[in-house]
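For reference, the structure is listed below as structure tokens.
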Amino acid sequence: MESSFELTLQMVIAIFAGISAQVMGEYLKIPSIVFLLMFGTLLGPDGFGLLHPQKLGVGLEVIVALSVAVILFEGGLNLDLRDLGKVSGSLRNLVTIGTLITLLGGGMAAHWLGEFPWPIAFLYASLVVVTGPTVISPLLKQVKVDRRVETLLEGEGVLIDPVGAILAVVVLDTILNSDGGANAAFVGLGLRLSIGAVIGGLGGWLMGFLLKQARFISEELKNLVVLAGMWGLFGLAQMVRSESGLMATVVAGVVMGASDLPEERLLRRFKGQLTVLGVSMLFVLLSADLSIASVFALGWGSIFTVLVLMLVVRPISVVVCTWNSDLNWRQKLFVSWIGPKGIVSASVASLFAILLTERGVNGGDSIKALVFLTIMLTVVLQGLTARWVAKWLKLNPEEEATGAVIIGCNPMSRLIARLFQERGESVVLIDTDPEACQKARDENLRVFQSSGLDVDVLEEAGIESVGTFLAMTKNGEINLVLAQRAAEEFNPPRVLAVFPRDPQVNSNNNKTKVNQAFIAQLPIKTWIQYINDGQIKLGKTTLKEAGFGFQRAHLNALIRSGELVPLLLEREKSFQVASGNEDWQPGDNIIYLLHDPRPKLLKRLSGGTSSSRLALEKLPKVEELPIATGASNTTVDESSVN
């Protein structure tokens with residue numbers, strides 16, 4: 001009983017420390033693996049001595065195998081085949097030619113600089129050909145880069161993990177059975193990849209078919225059915241051919257991700273949570289099992305080995321693999337710099353250290369120490385500098401991307417579209433109403449008559465290259481769904497929607513990047529009616545340093561009273577839709593709508609009729625309106641829009 005409690009306590013400590021590290025990483029915007037390694041080392045025998053992973057015995061190997069299977073399946077599930085098609089050549093090269101370059105370059109560096117024997121040097125290189133998705137994905141969530149670079153790095157991380165793990169097994173098998181030739185090694189590699197791909201492909205299709213057809217499976221059970229099926233495919237592939245299970249899980253995830261499953265978002269969320277749990281627990285356990293003395297015993301030669309891997313081998317691999325691609329030099333340089341190692345390297349290295357020791361082969365502990373040193377240096381150096389490098393290379397889409405895709409062809413959205421167009425930025429409207437679409441075409445606006453949920457239409461509209469997605473139909477609930485879908489599928493830099501305020505919904509929006517457009521709880525139908533009746537004026541004001549507090553207070557008061565709606569914001573060089581939680585700053589240029597019932601009254605008195613067309617091209621009159629009182633006045637240029 002005491003022994004079982006001790007093992008339970010080990011798992012509890014590992015999980016608690018792992019989740020704490022994830023929380024700290026998210027709060028401080030630092031890759032969580034930094035804290036996972038730190039906590040594991042501090043809690044291990046060389047630290048406070050609270051964690052002793054070796055007490056888990058063979059159970060540690062079981063935990064590693066099942067957790068890595070979930071991690072790779074979740075990575076495959078999140079791979080978008082449409083995006084992969086745009087970088088397929090470069091991605092294919094990185095997974096094949098890049099693997100070979102890293103194997104040769106890393107092996108030579110470990111032999112000549114780290115003074116490892118050739119067999120052990122190439123075993124090390126086979127362990128570090130991978131760039132783990134467990135590190136890449138969280139890193140790219142914190143450091144936003146353009147879509148193609150993000151897809152290339154994520155695709156490489158997911159697809160190369162099973163290839164690298166299988167390659168490492170082949171190299172290990174060659175070392176332990178030195179009588180086998182190179183041909184036998186390549187045949188073994190091909191068999192494992194093929195068997196895993198076939199089992200994973202068929203199993204993934206079968207699970208997708210079952211989820212879509214089996215009505216008797218409740219929503220609560222579907223995620224668990226997928227989990228059990230994925231582990232079943234992993235076990236089956238391992239039974240047919242050892243180490244083919246990793247490829248089976250990746251392929252199964254890719255196939256299921258392309259199957260258009262019902263409630264796929266819930267499945268992704270469930271698997272994502274399992275992945276976070278698995279990564280957190282494993283990194284803490286494996287780093288706690290690492291001897292700090294063995295790392296220091298490696299000497300400077302091993303540090304130089306890792307630096308050569310990062311600064312020479314990786315850039316050569318990326319340049320060769322992307323030679324004929326249309327990636328620019330900035331994108332290639334960023335991909336060259338980002339190649340952190342992750343959980344697969346750590347777990348397989350820990351397993352190999354045990355196997356080498358059992359077979360009486362020297363170098364097991366040294367290999368494990370060198371792999372962990374590689375993980376530490378790549379994660380710390382590349383992870384902590386990725387944001388700065390992306391900014392230096394001008395790859396941040398939030399700063400560079402312009403233009404907008406707007407769902408809805410009502411008068412208010414057409415007004416915003418024309419303002420974008422006059423600015424020289426591309427804008428596309430999407431609506432299902434043929435009459436509204438025709439009005440947009442009459443105003444020389446680009447429009448698609450379709451649903452905002454149609455992925456192909458969104459791609460054709462250019463959502464992958466624009467800076468803003470805005471959902472502003474007359475139905476707030478639909479707007480929120482459209483915005484959430486766009487954020488999940490395409491991840492534009494800015495996602496806004498007109499929707500009712502709901503505390504629970506707003507909490508979820510923090511994770512999906514959906515912000516309320518213009519103001520909180522905008523009565524869009526009312527303002528559309530104002531536009532149709534000609535009861536508005538279009539204005540622009542600049543918030544100045546002098547008297548900024550009074551200007552901001554007066555502006556917010558007009559917003560709260562329902563008299564004014566800020567539409568667009570010019571800040572420094574950016575031009576974007578104002579959000580409901582906008583933090584106004586001195587120097588901001590605000591383009592807004594002001595409710596003014598006078599034009600309608602004048603038209604009634606003169607017997608005229610209001611026009612629904614917003615003729616912004618010709619501004620008939622400019623007047624000055626104080627937006628603050630006293631010395632803090634700032635000039636507002638206003639023009640009637642009817």
Side-chain angles (χ1 to χ4, degrees), residues 33 37 40-41 46 98-132 135 160-161 163-165 167-176 178 182 185 283 286-287 289-318 336-383:
I33 191 174
L37 290 169
T41 304
D46 290 342
T99 298
L100 181 60
I101 293 174
T102 305
L103 179 66
L104 296 176
M108 289 186 288
H111 175 71
W112 289 328
L113 298 174
E115 300 181 353
F116 283 89
W118 280 113
I120 301 298
F122 279 113
L123 181 61
Y124 159 75
S126 68
L127 289 167
V128 295
V129 297
V130 301
T131 58
V135 185
I160 207 172
D161 260 6
V163 174
L167 176 63
V169 170
V170 171
V171 175
L172 177 67
D173 187 61
T174 305
I175 293 174
L176 297 180
S178 55
F283 257 118
L286 295 178
S287 55
D289 197 39
L290 177 68
S291 170
I292 299 299
S294 65
V295 176
F296 282 108
L298 294 174
W300 285 101
S302 295
I303 295 179
F304 292 141
T305 298
V306 179
L307 292 178
V308 167
L309 187 73
M310 295 170 55
L311 304 177
V312 179
V313 177
R314 173 68 175 177
I316 290 175
S317 174
V318 171
S336 299
W337 178 241
I338 302 300
K341 313 307 171 185
I343 191 65
V344 173
S345 294
S347 58
V348 177
S350 300
L351 181 61
F352 283 9
I354 297 172
L355 296 176
L356 289 172
T357 302
E358 290 176 350
R359 296 290 293 271
V361 178
N362 293 328
D365 288 338
S366 298
I367 280 289
K368 180 180 176 181
L370 183 55
V371 169
F372 269 87
L373 177 64
T374 305
I375 293 173
M376 292 176 188
L377 289 179
T378 55
V379 167
V380 172
L381 293 180
Q382 297 173 346

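Residues: numbered from 1 along the sequence shown.
Pairs engaging residues 297-311 under the salt bridge (charged side-chain N to carboxylate O under 4.0 Å, His left out) rule: none recorded [sequence neighbours left out]. For the salt bridge (charged side-chain N to carboxylate O under 4.0 Å, His left out) condition, no pair includes a residue of residues 109-121, sequence neighbours left out.
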Donor-acceptor contacts, no H, no angles, side chain residues 309-318, under 3.5 Å, sequence neighbours left out:
from, atom 1, to, atom 2, distance (Å)
Arg314, NE, Val335, O, 3.3
Arg314, NH1, Glu156, OE2, 2.7
Arg314, NH2, Glu156, OE1, 3.1
Arg314, NH2, Val335, O, 3.1
Arg314, NH2, Ile338, O, 3.0

Validation: residues 291-304 side-chain donor-acceptor distances under 3.5 Å, sequence neighbours left out:
from, atom 1, to, atom 2, distance (Å)
Ser291, OG, Ala293, N, 3.4
Ser291, OG, Ser294, N, 3.4
Ser294, OG, Ser291, O, 2.5

Distance-only donor-acceptor hits, side chain of residues 366-379, under 3.5 Å, sequence neighbours excluded:
from, atom 1, to, atom 2, distance (Å)
Lys368, NZ, Asp289, O, 3.3
Lys368, NZ, Asp289, OD2, 2.9
Thr374, OG1, Tyr124, OH, 2.9
Thr374, OG1, Leu370, O, 2.8
Thr378, OG1, Lys341, N, 3.4
Thr378, OG1, Thr374, O, 2.7
Thr378, OG1, Ile375, O, 3.2

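Scored by the ring-ring contact (aromatic ring centres under 6.0 Å, His included) test, Phe116 finds no partners at all (sequence neighbours excluded). In this structure Trp118 satisfies the side-chain contact (heavy atoms from CB on, under 4.5 Å) test together with Met108, His111, Trp112, Phe122, sequence neighbours excluded.
The distance from the CG atom of Leu356 to the CD1 atom of Ile120 is 5.5 Å, given to the nearest 0.5 Å.
Counting heavy-atom neighbours within 6.0 Å of Asp46 CG, excluding the residue itself, gives a total above 12.
Between Gly40 and Ser287, the shortest heavy-atom distance links the atoms CA-OG, 3.2 Å. Considering every non-hydrogen atom in both Ser126 and Val171, the closest pair reads CB-CG2, 4.0 Å. In plain terms, the two heavy atoms of Leu127 and Val130 that are nearest each other are O-CG2, 3.8 Å. A pairwise comparison of heavy atoms in Gly106 and Ala125 identifies C-CB, 3.7 Å as the closest pair. Pairing each heavy atom of Ala109 with each of Thr305, the nearest pair is O-OG1, 3.4 Å. Of all the heavy atoms in Thr102 and Val128, the pair that sits closest is CG2-O, 4.0 Å.
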